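Some notes on the structure that comes next.
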Amino acid sequence: MSIVAKAIAQSDRADRFLSSAELTQLQDFFNQGNVRISVAQKLAANQQTIVDQGSQQFWSQCPNTPSNRGNSQKTALCQRDQGWYIRLVSYCVLAGNSKPLEDIGLDGMREMYVSLGVPLANLKIAMRCLKTVAMGLLSSEEAALAGPYFDQLIRAF
Amino acid sequence: MQDTITAVINPADEKGTYLEGEALDQLKQYFQSGTLRVKAATQIGASAANIISETVAKSLLYGDITLPGGNMYPTRRYAACLRDLTYFLRYSTYAMLAADASIIDERILNGLKDTYAALGVPIEPTMQAIQSMKEVVTQKVGAEAGQEMDIYLDHIINGLS
(Lines give C-alpha, C1' and ligand atoms only; values in the text may rest on other atoms or scores of the structure.)
Protein backbone atom coordinates (compact mmCIF):
# COMPACT_ATOMS: atom_id res chain seq x y z
CA MET A 1 0.00 0.00 0.00
CA SER A 2 1.32 3.42 -0.99
CA ILE A 3 0.15 6.91 -0.13
CA VAL A 4 -1.51 6.97 -3.57
CA ALA A 5 -3.34 3.69 -3.04
CA LYS A 6 -4.40 4.83 0.42
CA ALA A 7 -5.93 8.07 -0.88
CA ILE A 8 -7.73 6.16 -3.62
CA ALA A 9 -9.05 3.52 -1.21
CA GLN A 10 -10.48 6.09 1.18
CA SER A 11 -12.10 8.02 -1.68
CA ASP A 12 -13.52 4.79 -3.04
CA ARG A 13 -15.05 3.89 0.32
CA ALA A 14 -16.83 7.26 0.28
CA ASP A 15 -17.91 6.94 -3.40
CA ARG A 16 -16.21 10.16 -4.43
CA PHE A 17 -13.36 11.63 -6.41
CA LEU A 18 -10.26 12.55 -4.41
CA SER A 19 -10.71 15.53 -2.12
CA SER A 20 -8.57 18.61 -2.58
CA ALA A 21 -6.73 17.78 0.66
CA GLU A 22 -5.88 14.33 -0.71
CA LEU A 23 -4.79 15.77 -4.05
CA THR A 24 -2.55 18.31 -2.28
CA GLN A 25 -1.03 15.51 -0.22
CA LEU A 26 -0.26 13.53 -3.38
CA GLN A 27 1.19 16.58 -5.11
CA ASP A 28 3.52 17.12 -2.11
CA PHE A 29 4.52 13.48 -2.29
CA PHE A 30 5.34 13.68 -6.00
CA ASN A 31 7.27 16.92 -5.46
CA GLN A 32 9.57 15.04 -3.09
CA GLY A 33 10.07 12.23 -5.61
CA ASN A 34 13.73 12.92 -6.30
CA VAL A 35 14.58 13.14 -2.61
CA ARG A 36 12.75 9.88 -1.98
CA ILE A 37 14.69 8.16 -4.76
CA SER A 38 17.93 9.50 -3.34
CA VAL A 39 17.10 8.20 0.17
CA ALA A 40 16.43 4.74 -1.28
CA GLN A 41 19.72 4.79 -3.19
CA LYS A 42 21.74 5.92 -0.17
CA LEU A 43 20.20 3.33 2.16
CA ALA A 44 20.86 0.61 -0.43
CA ALA A 45 24.47 1.68 -1.00
CA ASN A 46 25.21 2.02 2.71
CA GLN A 47 23.28 -0.84 4.23
CA GLN A 48 26.44 -2.72 5.21
CA THR A 49 28.00 0.38 6.77
CA ILE A 50 24.84 1.17 8.70
CA VAL A 51 24.61 -2.37 10.04
CA ASP A 52 28.33 -2.60 10.90
CA GLN A 53 28.56 0.75 12.63
CA GLY A 54 25.13 0.31 14.18
CA SER A 55 26.22 -3.03 15.68
CA GLN A 56 29.35 -1.51 17.19
CA GLN A 57 27.27 1.22 18.84
CA PHE A 58 24.70 -1.32 19.94
CA TRP A 59 27.26 -3.70 21.52
CA SER A 60 28.94 -0.87 23.37
CA GLN A 61 25.58 0.09 24.90
CA CYS A 62 24.28 -3.44 25.32
CA PRO A 63 27.15 -5.93 25.42
CA ASN A 64 25.19 -8.91 26.77
CA THR A 65 23.02 -9.73 23.76
CA PRO A 66 22.70 -12.81 21.51
CA SER A 67 24.49 -11.17 18.57
CA ASN A 68 27.54 -10.40 20.77
CA ARG A 69 28.17 -13.78 22.39
CA GLY A 70 30.71 -15.13 19.96
CA ASN A 71 28.31 -17.25 17.89
CA SER A 72 29.14 -15.93 14.42
CA GLN A 73 26.15 -17.65 12.87
CA LYS A 74 23.81 -15.93 15.27
CA THR A 75 25.56 -12.58 14.80
CA ALA A 76 25.18 -12.91 11.02
CA LEU A 77 21.48 -13.69 11.37
CA CYS A 78 20.83 -10.69 13.63
CA GLN A 79 22.72 -8.38 11.30
CA ARG A 80 20.86 -9.80 8.31
CA ASP A 81 17.56 -8.90 9.97
CA GLN A 82 18.82 -5.40 10.69
CA GLY A 83 19.70 -5.00 7.03
CA TRP A 84 16.20 -6.13 6.13
CA TYR A 85 14.68 -3.45 8.33
CA ILE A 86 16.76 -0.81 6.56
CA ARG A 87 15.43 -2.15 3.26
CA LEU A 88 11.85 -1.94 4.52
CA VAL A 89 12.42 1.67 5.58
CA SER A 90 13.60 2.39 2.02
CA TYR A 91 10.37 0.87 0.66
CA CYS A 92 8.34 3.08 3.02
CA VAL A 93 10.13 6.22 1.87
CA LEU A 94 9.34 5.34 -1.76
CA ALA A 95 5.73 4.43 -0.97
CA GLY A 96 5.15 7.44 1.29
CA ASN A 97 3.48 5.04 3.67
CA SER A 98 4.47 2.75 6.55
CA LYS A 99 2.53 -0.26 5.26
CA PRO A 100 5.59 -2.01 3.75
CA LEU A 101 7.29 -1.96 7.16
CA GLU A 102 4.13 -3.01 8.99
CA ASP A 103 3.07 -5.77 6.62
CA ILE A 104 6.50 -7.26 5.94
CA GLY A 105 8.42 -6.63 9.12
CA LEU A 106 6.22 -5.78 12.09
CA ASP A 107 3.19 -8.04 11.84
CA GLY A 108 4.21 -11.07 13.94
CA MET A 109 7.64 -9.63 14.72
CA ARG A 110 7.30 -9.78 18.52
CA GLU A 111 6.19 -13.42 18.48
CA MET A 112 9.10 -14.31 16.22
CA TYR A 113 11.80 -12.69 18.36
CA VAL A 114 10.29 -13.99 21.60
CA SER A 115 10.40 -17.47 20.10
CA LEU A 116 14.02 -16.90 19.02
CA GLY A 117 14.93 -15.77 22.53
CA VAL A 118 16.09 -12.35 21.37
CA PRO A 119 15.13 -9.70 23.97
CA LEU A 120 12.89 -7.04 22.44
CA ALA A 121 14.39 -4.38 24.70
CA ASN A 122 17.83 -5.07 23.20
CA LEU A 123 16.44 -4.91 19.69
CA LYS A 124 14.94 -1.53 20.45
CA ILE A 125 18.43 -0.26 21.27
CA ALA A 126 19.82 -1.89 18.13
CA MET A 127 17.21 -0.22 15.94
CA ARG A 128 17.93 3.12 17.56
CA CYS A 129 21.62 2.68 16.69
CA LEU A 130 20.73 1.87 13.06
CA LYS A 131 18.72 5.06 12.92
CA THR A 132 21.57 7.16 14.33
CA VAL A 133 24.05 5.87 11.75
CA ALA A 134 21.56 6.14 8.87
CA MET A 135 20.57 9.71 9.76
CA GLY A 136 24.23 10.70 9.72
CA LEU A 137 24.52 9.55 6.09
CA LEU A 138 21.47 11.46 4.86
CA SER A 139 20.94 15.14 4.17
CA SER A 140 18.48 16.90 6.48
CA GLU A 141 15.79 16.80 3.79
CA GLU A 142 16.37 13.07 3.26
CA ALA A 143 16.53 12.39 6.99
CA ALA A 144 13.18 14.10 7.47
CA LEU A 145 11.59 11.56 5.10
CA ALA A 146 13.27 8.44 6.49
CA GLY A 147 13.35 9.37 10.20
CA PRO A 148 9.66 8.77 10.98
CA TYR A 149 9.83 5.20 9.64
CA PHE A 150 12.90 4.44 11.78
CA ASP A 151 11.00 5.93 14.73
CA GLN A 152 8.04 3.68 14.04
CA LEU A 153 10.41 0.72 13.88
CA ILE A 154 11.99 1.65 17.23
CA ARG A 155 8.58 2.12 18.82
CA ALA A 156 7.48 -1.31 17.64
CA PHE A 157 10.09 -3.12 19.80
CA MET B 1 -5.83 -2.72 -5.11
CA GLN B 2 -2.39 -2.46 -6.63
CA ASP B 3 -0.72 0.77 -7.72
CA THR B 4 2.47 1.33 -9.63
CA ILE B 5 4.51 1.82 -6.43
CA THR B 6 3.43 -1.42 -4.77
CA ALA B 7 3.74 -3.16 -8.15
CA VAL B 8 7.49 -2.52 -8.08
CA ILE B 9 8.02 -2.93 -4.32
CA ASN B 10 6.36 -6.35 -4.00
CA PRO B 11 8.60 -8.23 -6.46
CA ALA B 12 11.70 -6.53 -4.99
CA ASP B 13 10.70 -7.76 -1.54
CA GLU B 14 10.14 -11.28 -2.90
CA LYS B 15 13.82 -11.24 -3.86
CA GLY B 16 14.92 -9.36 -0.76
CA THR B 17 16.46 -6.58 -2.82
CA TYR B 18 16.36 -2.82 -2.74
CA LEU B 19 14.68 -1.02 -5.60
CA GLU B 20 17.35 -0.32 -8.15
CA GLY B 21 17.95 -0.14 -11.89
CA GLU B 22 14.87 -0.46 -14.04
CA ALA B 23 12.41 -0.61 -11.14
CA LEU B 24 13.78 2.56 -9.61
CA ASP B 25 13.73 4.29 -13.01
CA GLN B 26 10.09 3.29 -13.38
CA LEU B 27 9.30 4.92 -10.05
CA LYS B 28 11.29 8.00 -10.97
CA GLN B 29 9.23 8.41 -14.14
CA TYR B 30 6.05 7.90 -12.18
CA PHE B 31 7.02 10.56 -9.63
CA GLN B 32 7.87 12.93 -12.49
CA SER B 33 4.48 12.36 -14.09
CA GLY B 34 2.78 12.95 -10.74
CA THR B 35 2.01 16.62 -11.25
CA LEU B 36 0.28 15.88 -14.56
CA ARG B 37 -1.78 13.13 -12.91
CA VAL B 38 -2.80 15.20 -9.89
CA LYS B 39 -3.75 18.15 -12.08
CA ALA B 40 -5.88 15.96 -14.36
CA ALA B 41 -7.58 14.28 -11.39
CA THR B 42 -8.35 17.71 -9.94
CA GLN B 43 -9.91 18.94 -13.19
CA ILE B 44 -11.91 15.76 -13.72
CA GLY B 45 -13.18 15.67 -10.14
CA ALA B 46 -14.25 19.30 -10.33
CA SER B 47 -16.21 18.84 -13.56
CA ALA B 48 -17.38 15.23 -13.35
CA ALA B 49 -21.10 15.99 -13.67
CA ASN B 50 -20.35 18.19 -16.65
CA ILE B 51 -18.22 15.54 -18.31
CA ILE B 52 -21.03 13.01 -17.93
CA SER B 53 -23.67 15.38 -19.38
CA GLU B 54 -21.48 16.15 -22.38
CA THR B 55 -20.66 12.49 -22.86
CA VAL B 56 -24.35 11.57 -22.95
CA ALA B 57 -25.13 14.44 -25.34
CA LYS B 58 -22.37 13.27 -27.67
CA SER B 59 -23.23 9.59 -27.68
CA LEU B 60 -26.63 8.53 -26.33
CA LEU B 61 -29.08 11.41 -25.95
CA TYR B 62 -30.39 11.66 -29.50
CA GLY B 63 -30.55 7.92 -30.21
CA ASP B 64 -33.33 5.34 -29.84
CA ILE B 65 -31.93 4.27 -26.49
CA THR B 66 -33.63 7.17 -24.69
CA LEU B 67 -37.04 6.47 -26.29
CA PRO B 68 -39.73 4.17 -24.88
CA GLY B 69 -38.41 0.62 -25.30
CA GLY B 70 -34.81 1.82 -25.09
CA ASN B 71 -32.55 0.99 -22.18
CA MET B 72 -32.32 4.63 -20.98
CA TYR B 73 -36.13 4.83 -20.70
CA PRO B 74 -37.77 5.48 -18.23
CA THR B 75 -36.01 8.03 -16.05
CA ARG B 76 -34.95 5.41 -13.50
CA ARG B 77 -32.81 3.73 -16.14
CA TYR B 78 -31.54 7.07 -17.47
CA ALA B 79 -30.30 7.83 -13.95
CA ALA B 80 -28.72 4.37 -13.66
CA CYS B 81 -26.85 5.03 -16.90
CA LEU B 82 -25.54 8.35 -15.54
CA ARG B 83 -24.43 6.58 -12.37
CA ASP B 84 -22.55 3.89 -14.30
CA LEU B 85 -20.83 6.40 -16.56
CA THR B 86 -19.76 8.30 -13.42
CA TYR B 87 -18.31 5.05 -12.04
CA PHE B 88 -16.35 4.55 -15.25
CA LEU B 89 -14.97 8.07 -15.03
CA ARG B 90 -14.15 7.84 -11.33
CA TYR B 91 -12.37 4.49 -11.49
CA SER B 92 -10.44 5.50 -14.61
CA THR B 93 -9.32 8.59 -12.73
CA TYR B 94 -8.21 6.45 -9.76
CA ALA B 95 -6.31 4.14 -12.14
CA MET B 96 -4.71 7.10 -13.92
CA LEU B 97 -3.49 8.46 -10.55
CA ALA B 98 -2.14 5.06 -9.57
CA ALA B 99 -0.79 4.40 -13.09
CA ASP B 100 -2.22 0.92 -12.71
CA ALA B 101 -5.43 -0.56 -14.13
CA SER B 102 -6.00 -3.21 -11.48
CA ILE B 103 -8.61 -1.22 -9.56
CA ILE B 104 -10.74 -1.12 -12.73
CA ASP B 105 -10.60 -4.90 -13.00
CA GLU B 106 -11.52 -5.36 -9.36
CA ARG B 107 -14.26 -2.78 -9.00
CA ILE B 108 -15.73 -2.31 -12.49
CA LEU B 109 -15.04 -5.11 -14.93
CA ASN B 110 -15.38 -8.05 -12.56
CA GLY B 111 -18.85 -9.43 -13.47
CA LEU B 112 -19.93 -6.31 -15.40
CA LYS B 113 -20.72 -8.10 -18.67
CA ASP B 114 -22.91 -10.63 -16.89
CA THR B 115 -24.70 -7.91 -14.97
CA TYR B 116 -25.33 -5.91 -18.12
CA ALA B 117 -26.56 -9.01 -19.94
CA ALA B 118 -28.96 -9.76 -17.07
CA LEU B 119 -30.23 -6.16 -17.04
CA GLY B 120 -30.46 -5.94 -20.83
CA VAL B 121 -27.98 -3.06 -20.99
CA PRO B 122 -26.64 -3.01 -24.58
CA ILE B 123 -22.84 -3.22 -24.77
CA GLU B 124 -22.34 -1.42 -28.09
CA PRO B 125 -23.82 1.96 -26.99
CA THR B 126 -21.98 1.65 -23.68
CA MET B 127 -18.69 1.38 -25.53
CA GLN B 128 -19.66 4.31 -27.77
CA ALA B 129 -20.40 6.39 -24.70
CA ILE B 130 -16.97 5.63 -23.24
CA GLN B 131 -15.40 6.58 -26.59
CA SER B 132 -17.18 9.93 -26.34
CA MET B 133 -16.08 10.27 -22.73
CA LYS B 134 -12.46 10.01 -23.91
CA GLU B 135 -12.99 12.99 -26.21
CA VAL B 136 -14.77 15.06 -23.56
CA VAL B 137 -12.10 14.30 -20.96
CA THR B 138 -9.29 15.23 -23.35
CA GLN B 139 -11.00 18.56 -24.02
CA LYS B 140 -11.01 19.24 -20.26
CA VAL B 141 -7.53 18.06 -19.32
CA GLY B 142 -5.50 18.55 -22.50
CA ALA B 143 -3.83 16.13 -24.88
CA GLU B 144 -1.08 14.75 -22.65
CA ALA B 145 -3.26 13.94 -19.65
CA GLY B 146 -6.02 12.89 -22.06
CA GLN B 147 -3.75 10.20 -23.50
CA GLU B 148 -3.11 8.95 -20.00
CA MET B 149 -6.87 8.78 -19.29
CA ASP B 150 -7.44 7.04 -22.65
CA ILE B 151 -5.38 4.09 -21.44
CA TYR B 152 -7.83 3.40 -18.61
CA LEU B 153 -11.05 4.23 -20.44
CA ASP B 154 -9.86 1.95 -23.26
CA HIS B 155 -9.22 -0.69 -20.62
CA ILE B 156 -12.95 -0.60 -19.77
CA ILE B 157 -13.92 -0.70 -23.47
CA ASN B 158 -11.65 -3.70 -24.00
CA GLY B 159 -13.09 -5.38 -20.94
CA LEU B 160 -16.62 -4.98 -22.32
CA SER B 161 -15.88 -6.16 -25.82
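Excluded from the calculations below are hydrogen atoms, water molecules and symmetry mates; all remaining heavy atoms, backbone and side chain alike, are included. Values in this document were obtained by computation on a predicted structure and should not be read as measured data. Residue numbers start from 1 in every chain, and the chains themselves are labelled A, B, ... in the order their sequence lines are given, proteins ahead of strands.
When heavy atoms are compared at a cutoff of 4.5 Å, B:Ser33 does not approach chain A at all. If you measure heavy-atom distances from B:Ala46 to chain A, you find no contacts under 4.5 Å at all. For B:Ile103, the part sitting under 4.5 Å from any heavy atom of chain A is the side chain, from C-beta outward, and nothing else. In this structure, chain A has heavy atoms under 4.5 Å from both the backbone and the side chain of B:Tyr30. Of the atoms belonging to B:Arg37, not a single heavy atom falls under 4.5 Å from chain A. Only the side chain of A:Ser90 comes within contact range of chain B, with at least one heavy atom under 4.5 Å from a heavy atom of that chain. Looking at B:Thr93, the atoms closer than 4.5 Å to chain A (heavy atoms on both sides) all sit in the side chain, from C-beta outward. Using a 4.5 Å cut-off between heavy atoms, A:Ile86 contacts chain B through both its backbone and its side chain. For A:Ile8, the parts lying near chain B are the backbone and the side chain together; criterion is any non-hydrogen pair under 4.5 Å.
Chain B forms more heavy-atom pairs under 4.5 Å with one residue of A:Ile37, A:Val4, A:Leu43, A:Asn34 than with any other, namely A:Ile37. Listed options B:Val8, B:Leu89, B:Thr4, B:Asn10 were ranked by heavy-atom pairs under 4.5 angstrom with chain A; first place goes to B:Leu89. Taking chain A as the reference chain and counting heavy-atom pairs below 4.5 Å, the highest number among B:Thr6, B:Asp100, B:Thr35 is found for B:Thr35. Of the listed residues (B:Ala12, B:Gly16, B:Ala98), the one with the most heavy-atom contacts under 4.5 Å to chain A is B:Gly16.
A donor atom on one side chain and an acceptor atom on the other are found under 3.5 Å apart for A:Arg87 and A:Tyr91. Between the side chains of B:Gln2 and B:Glu106, no donor-acceptor pair of N or O atoms lies under 3.5 Å.
Contacts with chain B (heavy atom to heavy atom, under 4.5 Å) involve these residues of residues 9-30 of chain A, listed by number: A:Ser11, A:Asp12, A:Asp15, A:Arg16, A:Phe17, A:Leu18, A:Leu23, A:Leu26, A:Gln27, A:Phe29, A:Phe30.
The aromatic rings of A:Phe157 and A:Tyr85 lie perpendicular to each other, with more than 60° between the two planes, well past the 30° mark.
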ask   = Given the rule in the side-chain contact (heavy atoms from CB on, under 4.5 Å) test, do B:Glu54 and B:Lys140 qualify, once you have shown the distances and angles that lead to the verdict?
value = CA-CA 11 Å; B:Glu54 288 178 38; B:Lys140 301 271 179 210; 3.1 Å; yes
